[in-house]
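Proteins get letters first, then strands, A, B, ... in listed order; numbering begins at 1 in each.
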Amino acid sequence: MIEASLSPLWVSIKTVLVATAITFFLGIIAARWMARYSGRFKSLIDGLFILPMVLPPTVVGFGLLMLFGKNGPIGMLLDNIGVTVVFSWPATVISAVVVSFPLMYMSARGGFEQVDIDIEDAARTLGASEWKVFWTVTMPQAWPAVVSATILAFARALGEFGATLMLAGNIPGKTTTLPVAIYFNIQAGHMDQALVQVLIVLVISFASLAALAYFKGRTKNANTIRV
Amino acid sequence: MLEVKVKKALEGFDLDVDFSVNKEILSIMGPSGSGKTMTLRCIAGLVKPDEGYIKLNGRVLFDSEHGLCLPARLRRIGFVFQNYALFSHLTVAENIAYGIKNLPQRVVRERVAQLIELMHLPGLEHRYPRELSSGQQQRVAMARALAPEPEALLLDEPFSALDTPRRERLEYEILQLQKFYEGDILFVTHDLTEGYKLGSRIAIYENGRIVQCDRKNNVISTPVNPTAARLAGVKNLMQGYVKSVSDSRVEVFIPELGMPLKVINKQNLSLTENQEVIIGIRPEHINIATGGRDNVIPCQVNEIIEGAIDIRGRDNIIPCQVNEIIEGVIDIHCHLYSSADEARKYTIEMISPRSSSPDICEGHTYDFYLPPEHLIIVPASQDNSA
């Protein structure tokens with residue numbers, strides 16, 4: 001019984017770690033770009049990036065099926081090279097990335113926007129390339145926001161259910177993540193297994209939020225300069 | 001030598017300036033939003049001008065004709081920001097070393113130690129900027145900008161957030177800096193005392209243009225237009241028109257006073273009769289008449305404001321008294337208005353040391369004398385492109 005409850009845990013851990021890593025980079029690139037972008041389409045792009053957060057999971061799942069399905073544009077492309085996304089493990093990652101991306105993007109963008117342009121300019125006048133400015137000034141300055149963003153994205157990826165179920169389905173040991181397993185266990189009346197899994201999710205989620213609170217307390221005011 | 005000739009369209013006005021700095025401090029003064037900071041940002045390469053060129057010791061940093069624009073990191077120009085812009089995640093030593101990380105470690109250590117010493121920051125090497133006072137933060141910013149040995153140093157209102165004692169110490173240190181720093185220094189300020197004290201020349205900005213750029217004594221003694229006059233500390237600006245001209249002696253009729261004033265045309269402005277002009281005088285040049293009838297205005301003293309003379313060091317700006325701060329002397333700051341005609345009430349501002357006019361009282365009328373040699377005359381029209 002324990003093994004049956006733990007198999008979704010491994011699937012979830014794999015999915016969440018890979019998804020968080022992807023979201024981390026995508027979110028930072030998008031956030032950095034939008035923080036300094038002031039073109040005509042700013043609100044439009046911003047809305048697109050945040051949209052998955054406010055849409056019902058079923059709508060996100062539907063959209064993903066449209067994209068990755070047999071007749072979807074990306075699905076057809078991948079089909080040519082013999083890859084099927086729907087009902088495969090990568091589908092759990094894709095769903096988790098799409099729903100956790102807005103959180104990563106929003107928090108990180110807030111962090112980047114807080115970075116004083118003069119500080120970046122100071123680095124430039126001191127001979128730093130754009131790449132060096134980003135890694136030695138912008139990132140360290142925005143680091144607290146980037147870390148919170150990553151923790152939030154991690155927690156959200158772990159809790160992803162709706163879109164995952166629609167795109168990845170429920171294949172035990174392959175696409176059955178913890179939230180999906182809990183749902184089907186309850187459906188099947190396996191309350192004891194559901195309970196174990198619920199407790200696992202609770203512990204991980206609570207631990208990540210506690211880490212976030214601890215981290216925030218530690219870096220509080222660390223980046224403010226008294227004038 | 002830094003040569004700048006740039007144009008840039010901005011919101012509200014166009015920046016269009018042309019000047020050069022040669023191993024000296026040029027103070028840039030002007031009302032806020034007149035393009036001073038934008039000029040520095042263009043020179044540093046943080047903003048790209050629309051056209052023109054920027055050259056530093058013969059190196060072309062920007063040239064619109066040849067489509068050349070060197071990125072900021074290759075310009076070798078130090079920039080000190082108004083808000084210091086320190087790296088808050090780095091210590092003092094790391095901040096200073098930021099621009100010289102490519103040098104051998106031993107050299108970095110030596111130079112950081114040298115700058116710490118020079119900017120009076122010993123013992124603070126491992127502190128973070130948030131643990132420093134604002135004056136210390138500004139010293140770190142200066143040290144950081146100097147570390148890569150830039151060929152020019154741009155200071156953007158570096159002292160605006162400091163209190164008077166700290167400001168004066170840093171001003172003194174910048175003057176000391178010139179002894180070993182051989183580059184060109186541009187110093188943006190809105191404070192006349194500061195600009196005069198530090199600069200050997202002063203450039204006066206107005207709406208993105210330089211209305212006057214000259215040796216500081218000339219800027220103070222012979223401003224070319226009303227803005228330059230105001231920035232040079234001239235007050236009591238009055239509109240009038242030329243009544244008669246004979247050599248350098250000019251008679252200007254002031255409708256507001258209902259009387260003419262004699263002015264000595266020190267700048268040798270070419271004036272014609274009936275030309276509209278603006279004349280003004282520094283408050284400290286007005287004194288109480290001791291005879292004679294020309295340029296004497298009977299005035300009722302409206303209000304006497306006592307102030308310590310050294311608070312803003314205002315007397316410091318008179319060329320003959322530079323760097324002589326008389327501590328503890330109280331001056332009398334009178335708001336006077338002409339009593340010649342109640343309907344033409346005109347307020348004159350005068351500053352007088354208490355010692356030389358001990359018995360001025362509010363409400364009484366005195367004869368005030370505006371010495372013709374101290375009256376400053378500028379053309380009323382603003383189309384002066386000098």
Closest non-hydrogen atom pair, B:Ala85 against A:Ala122 | O-CB, 4.0 Å
Atom pair CG/OG1 of B:Leu40 and A:Thr125 - distance to nearest 0.5 Å | 11.5 Å
Determine, step by step, whether B:Arg73 and A:Val133 satisfy the side-chain contact (heavy atoms from CB on, under 4.5 Å) criterion, reporting the C-alpha distance in whole Å, the side-chain angles of both residues, the deciding distance to 0.1 Å, and the verdict.
-> CA-CA 10 Å; B:Arg73 71 195 149 91; A:Val133 171; over 6 Å; no
If you draw a 6.0 Å radius around OH in B:Tyr53, do more than 12 non-hydrogen atoms from other residues or ligands fall strictly inside?
-> yes
Examine whether an atom of B:Tyr98 lies under 4.5 Å from a heavy atom of chain A, and if so say whether it belongs to the side chain, the backbone or both; otherwise answer neither.
-> both
Mark yes when over 12 heavy atoms from residues, nucleotides or ligands other than A:Lys42 sit less than 6.0 Å from its NZ; otherwise mark no.
-> yes
With a 4.5 angstrom heavy-atom cut-off, which part of B:Arg144 approaches chain A: side chain, backbone, both or neither?
-> both
Report, as yes or no, whether the 6.0 Å neighbourhood of atom CD on B:Gln176 holds more than 12 heavy atoms from other residues, nucleotides or ligands.
-> yes
Region of A:Asp116 in contact with chain B, defined by heavy-atom distances below 4.5 Å = side chain
Can you tell me how far OG1 of A:Thr136 sits from NZ of B:Lys101, rounded to the nearest 0.5 angstrom?
-> 8.5 Å
If you draw a 6.0 Å radius around CZ in A:Phe161, do more than 12 non-hydrogen atoms from other residues or ligands fall strictly inside?
-> yes
Can you measure from CD1 (A:Ile117) to CG (B:Leu46) and round to the nearest 0.5 angstrom?
-> 10.5 Å
Hey, is CH2 on A:Trp33 packed in by over 12 heavy atoms from elsewhere, all under 6.0 Å?
-> yes
Heavy atoms of other groups near A:Glu113 CD, more than 12 under 6.0 Å = yes
Could you grab the distance from atom CZ of A:Arg124 to atom CD1 of B:Ile77, nearest 0.5 Å is fine?
-> 15.5 Å
Per side-chain contact (heavy atoms from CB on, under 4.5 Å), A:Asp118 is matched among B:Asp156, B:Asn83, B:Leu86 by B:Asn83
Between B:Ala145 and A:Leu126, the two heavy atoms sitting closest are CA-CD2, 4.3 Å
Take atom OH of A:Tyr37 as the centre, draw a 6.0 Å sphere, and report whether it contains more than 12 heavy atoms from other residues, nucleotides or ligands.
-> yes
B:Lys7 NZ: over 12 foreign heavy atoms closer than 6.0 Å = no
